[in-house]
Participant: 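Attaching a single structure in structure tokens format; questions to follow.
Each chain gets a letter, A, B and so on, in the order the sequences are listed, and its residues count up from 1.
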Amino acid sequence: MKHELDKIYIPSAGELGTYEKWEKSGYFNPDNLDLPESAKSYTIVLPPPNITAKLHLGHSAMLAIEDLIIRYKRLNGFRTLWIPGTDHAAIATQNVVEKKILQEQGKTRHDLGREALLKEVWSFLEKTQGEILTQTRRMGASLDWSRLAFTLDEQRQNAVKRMFKEMYDEGVIYRGERMVNWCPRCHSTLADDEVEYKEEKAKLYWIKYGPFVLATSRPETKLGDTAVAVHPDDTRYQHFIGQELDIEGVLGKFQVKVVADKAVEMDFGSGVIKVTPSHSFIDNEIAERHNLPGKKIINEDGEMMANCGKYAGMKTAVAREAIVSDMQAMGLIDHIDEDYIHNSARCYRCDSVIEPLPSEQWFIGVDKKIKRLGDKSLKERAIEVALENKITFTPDRFKKRYIDWMENLHDWCISRQIWFGHQIPVWYKDKEIYCGLEAPTGDGWKQDEDTLDTWFSSGMWTFSTLGWPENYNDDKKTGDLAKFHPTQVLETGYEIITLWVSRMIMMSLFALDEVPFSQVYLHGMVLDKDGKKMSKSKGNGIDPLEMIEKYGADAVRLSLLMGFTPGNDTKFSEDRIETKRNFVNKLWNISRFVLSSDNLVETDTKVIPQAKTLADKWILNALQETVATVSKNLDEFNFSVAADILDNFTWNQLADWYLEISKIEKNKDDILIYILKQLLIIWHPFTPFVTEKIWESFNDNLLMVEKWPQFENIDTVNSKNINLDFNLIQDIVVAIRNARSLNKIEPAKKLQAVIYAHGLEKILFDNQEIIKNLKTGIDNLEIHSDGDKINGAIAIVCGSVEIYLLGAIDPQKEKERLTKEKNNLEKLITLQEQKLANQEFVGRAPEKIVTAEKEKLENYKKDLFKINQAII
RNA sequence: GGGCGCAUAGCUCAGCUGGUUAGAGCACUUCGUUUACACCGAAGGGGUCCAGGGUUCGAAUCCUUGUGCGCCCACCA
């Protein structure tokens with residue numbers, strides 16, 4: 001039997017077909033996997049990409065990692081489910097569409113009206129969503145497309161309404177007036193994390209304010225002042241505290257109260273601040289503490305309100321100028337700092353200046369005690385599950401970040417003043433209010449105009465995709481929800497841990513009283529070669545689709561899996577993909593070589609073939625070690641390390657040595673095909689396309705659902721000896737090649753070689769064909785045992801050149817080395833025993849540390865035992 | 001202001017709970033190839049592990065201070 005593969009692997013030619021084959025097989029869907037009832041499930045939800053943008057390399061990294069995990073688990077007999085989906089990204093999407101309409105039709109959303117705008121949004125989405133799904137397929141992602149979800153499709157809308165109602169009925173969701181970050185342009189509130197702060201040069205006005213001079217950057221808010229505040233310890237102003245003062249302003253005199261509050265910094269300005277409760281977060285808090293009234297003077301368009309006299313209707317910035325010039329005329333301005341640097345709050349979408357305003361909004365009360373959560377609040381439970389390690393983080397340090405953030409969390413404002421999104425399921429009629437899944441019967445009910453924060457629906461992602469609430473009745477899970485929830489791992493970028501991860505945890509705890517996933521794996525960002533974020537506007541982005549066309553999806557995947565460690569950013573450039581393309585081609589050619597033999601034997605992958613020579617033992621042993629360490633590292637999410645080990649075995653051991661030897665020592669077909677099969681299975685999660693392609697050339701079954709190789713416990717002493725013996729042969733071959741090169745012996749010229757090696761004659765004799773023929777050009781080889789002459793070293797005489805391999809694998813030297821190591825270990829054991837016996841830390845240090853130290857001692861002893869064995 | 005991370009070869013990075021001579025890929029130098037693969041092979045050069053101090057028999061690794069980057073959070077009236 002002989003199999004032919006093309007000389008060069010051209011990925012773009014076959015990848016689409018291979019993906020189609022997988023998809024047709026149905027195995028992306030766990031229901032179709034041929035598994036015993038007892039098989040454990042393994043679920044990942046794909047972080048739904050935002051539908052407005054094309055996928056970037058960050059997405060590709062995410063897909064590569066998640067597909068790697070899923071394929072690895074599938075090969076290991078898990079009931080693997082990876083759920084695809086997309087996110088409606090409410091504000092972002094509406095913005096893109098609004099911009100488009102303004103450009104194409106010259107209309108605003110108010111010109112169109114709610115219905116017409118939503119129609120435009122949906123038709124836009126149809127196009128972009130398709131593109132994203134195509135890109136995802138091209139990466140080779142083995143997602144179960146039959147379970148495709150969208151955060152705003154019908155099923156998710158039902159789930160969201162149900163969730164809202166349950167939280168409303170429980171009193172977790174409430175409506176209240178709060179200071180919010182208001183974007184006057186978007187006409188919407190922004191969550192704290194949607195506000196961006198930018199350093200800017202501004203003017204700082206020192207104004208005369210009754211008996212004080214105080215500094216402000218927003219003199220126009222003076223119209224809304226109801227107090228001034230000083231620090232309670234500030235000796236300069238003690239006697240003013242508690243007084244009511246008449247202050248002269250541009251609209252006449254007004255009264256303020258002087259209060260003492262620790263929020264005031266004595267060192268800033270004059271140590272006195274004016275308090276505008278309705279238009280500043282800090283002032284609002286101060287006002288709450290001191291029961292001060294608020295006075296609203298700025299409306300939702302960012303304009304001065306009717307109560308502002310002649311300034312009414314002006315934008316705040318305009319009013320500022322007008323008021324300052326009036327104040328100057330009245331002699332109320334002391335002086336102005338021109339280059340005061342401050343942080344200006346901006347809308348993350350449109351960059352408008354944020355206006356803090358009191359406003360009616362919907363909130364999730366994170367501190368509200370909830371009966372079904374054992375009278376604990378969402379915040380408490382969400383922190384608890386992390387502390388109890390019901391959810392673990394990779395890397396571990398993000399656990400701290402998560403908990404810190406959680407602890408400082410304020411009530412979450414979930415209403416947004418936009419049209420595209422989940423409309424709030426609340427209806428009003430006069431003073432009546434109704435929350436329900438459907439509109440209430442009867443006339444005159446009007447639904448709340450607002451929609452929900454996009455994270456409300458994506459926070460429900462792990463269970464809304466698995467059929468909640470239909471699959472959840474009387475606190476019992478059924479169907480997909482029972483089978484696949486909680487999911488096993490959430491893989492996402494670390495920047496999203498607060499925005500998304502935390503919300504998923506709270507939502508799942510509320511809905512099901514269980515965690516949404518047990519592990520969080522966080523990847524870093526893919527940066528450009530200068531360490532800058534890739535972005536469209538900078539033009540420094542690398543288009544994944546283009547890279548896939550050029551180098552193949554496998555190469556793109558590998559380039560994003562290797563040299564990329566959890567939680568750390570990576571600088572990326574195209575040549576990283578190129579070298580991986582070279583590797584994929586190498587793997588192809590290894591297979592081509594193995595499969596080109598005339599007498600290939602089909603062997604069962606489970607049966608380890610008989611090793612006939614040292615090289616056979618060595619490579620089979622190396623394969624075992626490789627399988628073991630790769631599996632271990634994949635289990636621990638060390639994807640890059642796993643790939644490195646595998647790469648080293650494939651290229652440096654198998655291709656560079658064993659395949660060359662197989663040209664000299666014949667009849668290795670059974671071993672070669674065995675290794676190839678194992679290798680293809682192990683590589684498959686990393687490079688699914690090329691491995692499946694090779695596999696199909698000699699096998700009818702899909703590689704995708706093969707069995708991951710099992711490995712036996714490795715006899716470390718024996719395998720060490722095999723390695724030592726084989727390394728000797730390698731060293732001799734390399735030494736002879738070097739001698740040729742250094743002494744300019746012509747390659748074509750045949751050599752007579754004599755090796756003197758005391759005590760190693762047998763190994764050398766057994767492997768003389770390799771020494772003669774592995775590109776050393778030895779014509780005639782003699783092996784002598786003559787220790788006296790060469791002082792224990794191995795001497796090789798090639799023609800007229802003498803080579804000495806000193807201190808290498810000489811048994812005498814090796815024994816010395818081992819003895820040294822033994823002495824060292826014995827010393828360590830003594831030290832460790834002393835440490836354990838004498839040190840004060842025993843009994844005082846945490847138990848953990850003491851056991852760790854004891855374990856260390858045990859390990860030393862084990863090592864010593866092994867070495868003693870080896871010496872014999 | 002609070003917190004986190006990074007600093008190792010020219011470049012991109014590994015280096016787990018301290019243990020022989022600090023590794024890989026790319027780049028570089030030399031040599032080679034009718035052979036599965038030039039998307040190749042062989043050999044080689046290149047590192048005061050950011051700096052100072054400390055702990056230890058032993059430090060790239062642990063502690064401390066400093067310097068330089070990067071990120072997150074809070075936000076200054």
Participant: If you measure from the P atom in B:C50 to the same atom in B:G15, how many Å do you get, rounded?
Facilitator: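 Result for the P pair: 15 Å, nearest Å.
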
Participant: Using whole Å, report how far CH2 of A:W405 lies from C1' of B:C4.
Facilitator: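 It is 17 Å, rounded to the nearest whole Å.
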
Participant: Is there a side-chain contact between A:V275 and A:N284 in this structure, where contact means two heavy atoms from C-beta onward sitting under 4.5 Å apart?
Facilitator: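 A:V275 does not reach A:N284 side chain to side chain.
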
Participant: What's the gap between B:A74 and B:U55 when it is taken at their C1' atoms, as a whole Å value?
Facilitator: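 It comes out at 37 Å once rounded to the nearest Å.
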
Participant: In whole angstrom, give the distance that lies between atom CD of A:E574 and atom C1' of B:C11.
Facilitator: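 Value for this atom pair: 16 Å.
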
Participant: Do the ring centers of A:Y402 and A:W405 come within less than 6.0 Å of each other?
Facilitator: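 No, the ring of A:Y402 stays outside the 6.0 Å limit from the ring of A:W405, centre to centre.
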
Participant: Heavy atoms only, 4.0 Å cut-off, all strands: where does A:T565 land among base, sugar-phosphate and nothing?
Facilitator: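 Here A:T565 touches the backbone only, sparing every base.
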
Participant: Side chain of A:N568: nearest nucleotide among B:A36, B:C26, B:A14?
Facilitator: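 Closest nucleotide among those given: B:A14.
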
Participant: Find the distance A:D337:CG to B:C76:C1' and express it as a whole number of Å.
Facilitator: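 These atoms are roughly 14 Å apart.
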
Participant: Quick one: look up who B:G19 pairs with, Watson-Crick or G-U, both distances under 3.5 Å, and put none if it's unpaired.
Facilitator: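 By the stated definition (distances under 3.5 Å), B:C57 pairs with B:G19.
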
Participant: Please report the distance separating the C1' of B:U67 from the corresponding atom of B:A51, rounded so that it comes out in whole Å.
Facilitator: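 Here B:U67 and B:A51 have their C1' atoms 7 Å from each other.
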
Participant: Give me the distance, rounded to whole Å, that separates B:G19 from B:G1 when you measure between the P atoms they each carry.
Facilitator: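 Each nucleotide's P atom is 38 Å from the other's.
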
Participant: Tell me whether the OP1 or OP2 atom of B:G5 has a side-chain N or O from A:K400 closer than 4.0 Å.
Facilitator: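 It does not, given that no N or O in the side chain of A:K400 lies less than 4.0 Å from OP1 or OP2 of B:G5.
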
Participant: Separation of A:F593 atom CZ from B:C40 atom C1', in whole Å?
Facilitator: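 Nearest whole value for this atom pair: 14 Å.
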
Participant: Would you check if the side chain of A:N727 reaches a backbone N or O of A:N723 as a donor-acceptor pair within less than 3.5 Å?
Facilitator: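 The answer is yes, because a donor-acceptor pair under 3.5 Å joins these two groups.
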
Participant: Using a 4.0 Å heavy-atom cut-off across all strands, classify A:V734 as base, sugar-phosphate, or nothing.
Facilitator: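 Contact class for A:V734: sugar-phosphate only.
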
Participant: Counting any heavy atom closer than 4.0 Å, what does A:I8 reach on the DNA or RNA strands: base, sugar-phosphate only, or nothing?
Facilitator: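 The answer is base, as A:I8 lies within the cut-off (heavy atoms under 4.0 Å) of a base atom.
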
Participant: Describe the nucleic acid contact of A:N408 in one word from base, sugar-phosphate, nothing, applying a heavy-atom distance below 4.0 Å.
Facilitator: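 No contact at all - A:N408 keeps every heavy atom at 4.0 Å or more from the nucleic acid.
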
Participant: Using a cut-off of strictly less than 4.0 Å, decide whether A:K586 has a side-chain nitrogen or oxygen near OP1 or OP2 of B:C37.
Facilitator: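 No, no such contact exists.
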
Participant: Given the P atoms of B:C49 and B:C11, what is the spacing between them in whole Å?
Facilitator: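 Going atom to atom, P in each nucleotide, I get 16 Å.
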
Participant: Taking atom P in both B:A14 and B:C6, what distance in whole Å separates the two?
Facilitator: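 One P to the other, the span is 9 Å.
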
Participant: Does A:E574 pair with A:K550 as a salt bridge, N-O distance under 4.0 Å?
Facilitator: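 Here A:E574 pairs with A:K550 in a salt bridge, since their nearest N and O are under 4.0 Å apart.
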
Participant: Rounded off to whole Å, could you give me the CD-to-C1' distance for the A:E578 and B:C26 pair?
Facilitator: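 The answer, rounded to whole Å, is 10 Å.
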
Participant: Quick check for you: among B:A36, B:C26, B:C39, whose closest atom lies nearest to any side-chain atom of A:E660?
Facilitator: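 It is B:A36.
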
Participant: Please measure how far the P atom in B:G53 lies from the corresponding atom in B:A60, and state the result in whole Å.
Facilitator: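 To the nearest whole Å, 14 Å.
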
Participant: A:N589 has a side chain; which of B:C37, B:C26, B:G41 sits nearest to it?
Facilitator: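 Of the candidates, B:C37 comes closest.
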
Participant: For A:K529, which contact category applies under a 4.0 Å heavy-atom criterion: base, sugar-phosphate, or nothing?
Facilitator: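 Touches nothing.
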
Participant: By nearest nucleotide on RNA chain B, pick out whichever of A:F564 and A:A655 is the more 5' one.
Facilitator: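 Result of the comparison: A:F564.
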
Participant: Which one of A:K274, A:H279, A:K295 satisfies the side-chain hydrogen bond (donor to acceptor under 3.5 Å, both in side chains) criterion with A:T221?
Facilitator: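 Output: one option passes, namely A:K274.
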
Participant: Looking at A:S573, I'd like to know whether one of its side-chain N or O atoms comes within less than 4.0 Å of OP1 or OP2 on B:U12.
Facilitator: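 Negative; the distance criterion is not met.
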
Participant: OP1, OP2 of B:G41 versus side-chain N and O of A:W651: anything below 4.0 Å?
Facilitator: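 Checking A:W651 against B:G41: at least one side-chain N or O falls below 4.0 Å of OP1 or OP2.
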
Participant: Without decimals, in angstroms, what is the distance between A:N633 CG and B:G15 P?
Facilitator: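 Computing the A:N633:CG to B:G15:P distance gives 10 Å.
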
Participant: Rounded to whole angstrom units, what separation is found between the CZ atom of A:F398 and the P atom of B:G5?
Facilitator: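 Atom CZ in A:F398 sits about 9 Å away from atom P in B:G5.
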
Participant: Of the non-hydrogen atoms in A:E220 and A:I297, which two are nearest, and what is the gap between them?
Facilitator: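 Here A:E220 and A:I297 meet closest at O-CD1, 3.7 Å.
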
Participant: Specify the residue among A:T570 and A:R581 whose closest nucleotide of RNA chain B lies further upstream toward the 5′ end.
Facilitator: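 Per heavy-atom nearest nucleotide, the more 5' residue is A:T570.
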
Participant: Is it true that A:K533 and A:E495 make a salt bridge, defined as a side-chain N closer than 4.0 Å to a carboxylate O?
Facilitator: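 Judged by the 4.0 Å cut-off on N to carboxylate O distance, A:K533 and A:E495 do not form a salt bridge.
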
Participant: Hey, does A:I282 reach any base, or is it just sugar-phosphate, or nothing, if we go heavy atoms under 4.0 Å?
Facilitator: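 Sugar-phosphate: the residue A:I282, judged by heavy atoms under 4.0 Å, touches backbone atoms but no base.
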
Participant: Please report the distance separating the C1' of B:C75 from the corresponding atom of B:G10, rounded so that it comes out in whole Å.
Facilitator: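 Per the computed distance, 43 Å lies between those C1' atoms.
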
